[in-house]
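Worksheet: the structure to be examined is printed underneath.
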Amino acid sequence: MNLFNVYPLFNINPVKAEGSFLWDENGQEYLDFYGGHAVISIGHNHPHYVGKMKNQLDKISFYSNSVQNNLQTELADKLGKLSGYDDYSLFLCNSGAEANENALKLASFHNGKKKVIYFSEAFHGRTSAAVAVTDNPKIVAPVNESENFIKCEFNNFEELENIFVENENQISAVIVEGIQGVGGINLLEKDFILTIEKLCKENNAVLILDEVQSGYGRSGKFFAHQEFDIKPDLITVAKGMGNGFPIGGVLISPKFKASYGLLGTTFGGNHLACVAGIAVLEVIEKENLIDNSEKIGAYIEEKIKNFPHIKNIKRRGLMIGIELDQACADVRKELLFEHFIFTGNANDKNVLRILPALNISEKESDLFINALEKTLKAIDAKILELK
């Protein structure tokens, strides 16, 4: 049997990882400045994380949600305290897409309405409703298409207001990312997110903040939306939540009422997933990684801001989009195959996406900074050669 060929793969096979570094089967070392799409939040194989996971494996790794699991309660308590949402409830699942599916469903259960507003360049997952609110027609199958999902231009006040007017009392929810990741590190304007919140309240619609990529300290706040002093009705999380172990969740406002069978999952909130989630929060708190995220993000921005071919730097904490004056594909390949540094791309072909672990150091950042400078300066050298 062959693998279903849906991923374009670099010819690199990592077999070992530690901190912000990976090693392939040939012993080549790589600096990880992408964290597998912002998944690696506290560094590869962090000793506290590994120790807790190994210890849990000696006890119990899984049983269903038909019995009590005190680790779920511990995780919810720690997450509530550290995020500032201790009055919310937590539903645990397995991924960001699943978190968004459950949030959209919960919103519709809550107000009995069907229509959802999403935004241009949004990415919320690849499952049924999550992909329907993702702005990529190539991955939206006919079975996922529905008039219930309405696209609005990102940061467009007038269009958003018109959609609410045209769909009077029919909007169930508005779903928006704290920072658009796949779209190219696109930042919300403060007045726009405040307008979303206002319109949702006025129209009995649910505000869903997708913090799957932008949450867990990456933005320099626990959640990116906390820059704006708002309180969404539902907050979805995943990626950095488990540092590589599959886990996701929905933080749920007290105004939502639970009932048996309303939501459900087989694997969500299993013992290993909870321990992974607890370990991540403990490391974030103990090592002050939210502060480090902003500190090192600012350090990188300051060092690279005057490099040639950089048009713009879009950044919150360690969620960084480096907009070049040309497509970034060749730059990304040069960084990977000549300097052995993993970086990411985005829907915007000119944006190099940087998502390192939150405990990255200045010394490790300098490896990336120096490599990026050499790579960008080499572009000019090649242009001169052609002349």
Side-chain angles (χ1 to χ4, degrees), residues 19-20 31-44 46 48 78-85 176-181 183-190 193 209-232 235 237-241 243 251 280-307 310 312-323 341-344 346 351-370 372:
S20 289
L31 174 65
D32 186 4
F33 240 62
Y34 190 54
H37 312 292
V39 167
I40 302 301
S41 52
I42 60 171
H44 295 279
H46 190 288
H48 180 71
K78 287 183 182 297
L79 176 54
K81 285 184 169 65
L82 198 56
S83 69
Y85 281 95
V176 63
E177 292 158 271
I179 299 169
Q180 287 191 335
I185 316 300
N186 301 320
L187 306 176
L188 279 165
E189 293 178 9
K190 181 176 182 179
I193 187 61
L209 244 298
D210 179 339
E211 294 277 6
V212 169
Q213 189 172 128
S214 55
Y216 266 75
R218 178 152 297 279
S219 70
K221 305 283 187 183
F222 194 91
F223 291 126
H225 72 263
Q226 289 173 317
E227 174 187 356
F228 305 115
D229 193 29
I230 64 168
K231 289 201 81 170
I235 304 164
V237 291
K239 293 201 185 294
M241 187 179 188
N243 203 51
L251 280 69
V280 166
L281 291 173
E282 289 173 342
V283 171
I284 285 175
E285 184 174 29
K286 184 177 180 181
E287 299 184 8
N288 298 313
L289 296 192
I290 297 176
D291 290 342
N292 191 66
S293 177
E294 175 54 33
K295 174 189 170 186
I296 300 299
Y299 176 80
I300 293 169
E301 181 177 7
E302 178 64 27
K303 290 287 187 178
I304 70 173
K305 67 181 183 181
N306 295 317
F307 286 1
I310 293 180
N312 187 28
I313 299 171
K314 299 182 283 185
R315 182 188 73 83
R316 291 290 185 273
L318 280 171
M319 196 165 181
I320 306 173
I322 302 170
E323 184 182 357
I341 300 174
F342 279 97
T343 57
V351 172
L352 188 71
R353 193 158 41 129
I354 306 302
L355 303 163
L358 306 186
N359 54 2
I360 195 87
S361 67
E362 287 186 6
K363 183 179 179 181
E364 292 161 342
S365 298
D366 285 339
L367 296 174
F368 165 74
I369 291 164
N370 294 334
L372 181 63

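Throughout, residue positions are numbered sequentially from 1 according to the sequence presented.
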Close side-chain approach of [X] to [Y], heavy-atom, < 4.5 Å:
X: F222; Y: L79; value: yes
X: V351; Y: I322; value: no
X: I310; Y: K305; value: no
X: P232; Y: Y85; value: yes
X: Y216; Y: L358; value: no
X: I235; Y: H225; value: yes

Might you point out which heavy atoms bring [X] and [Y] nearest each other, and give the distance in Å?
X: I300; Y: I369; value: CA-CD1, 4.2 Å
X: A357; Y: G43; value: CB-N, 3.6 Å
X: L209; Y: I193; value: CD2-CD1, 4.2 Å
X: L31; Y: S20; value: CD1-O, 3.5 Å
X: A346; Y: G184; value: CB-CA, 3.6 Å
X: E177; Y: L188; value: O-CD1, 3.5 Å

Exercise for the section: Walk me through it: do K314 and N186 pass the test side chain to side chain contact (heavy atoms under 4.5 Å, CB included)? Expected result: CA-CA 7 Å; K314 299 182 283 185; N186 301 320; 3.1 Å; yes
Exercise for the section: Evaluate the side chain to side chain contact (heavy atoms under 4.5 Å, CB included) criterion for residues F368 and T343: first the C-alpha distance (whole Å), next the side-chain angles of each, then the deciding distance (0.1 Å), finally the verdict. Expected result: CA-CA 9 Å; F368 165 74; T343 57; 3.9 Å; yes
Is the closest side-chain donor-acceptor distance between [X] and [Y] under 3.5 Å?
X: S365; Y: E362; value: no
X: D32; Y: H44; value: yes
X: H48; Y: E287; value: no

Problem - Test: R315 and E294 ion pair at under 4.0 Å - result: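 Yes, charged N to carboxylate O under 4.0 Å.
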Measuring from atom [atom1] of [X] to atom [atom2] of [Y], what distance do you get when rounded to the nearest 0.5 angstrom?
X: K239; Y: E211; atom1: NZ; atom2: CD; answer: 13.5 Å
X: R353; Y: Q213; atom1: CZ; atom2: CD; answer: 5.0 Å
X: L355; Y: I40; atom1: CG; atom2: CD1; answer: 12.0 Å
X: S41; Y: H46; atom1: OG; atom2: NE2; answer: 10.0 Å
X: Y299; Y: L318; atom1: OH; atom2: CG; answer: 13.0 Å
X: F223; Y: I290; atom1: CZ; atom2: CD1; answer: 9.5 Å

Enclosure of [X] [atom1] (heavy-atom neighbours >12, cutoff 6.0 Å):
X: E301; atom1: CD; value: yes
X: K303; atom1: NZ; value: no
X: K221; atom1: NZ; value: no

Handout entry: I179: which of E227, R316, R218 passes side chain to side chain contact (heavy atoms under 4.5 Å, CB included)
Key =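 Answer after filtering E227, R316, R218: R316.
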Handout entry: Short side-chain to backbone donor-acceptor contact, N243 and I42, under 3.5 Å
Key =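 It does hold such a pair.
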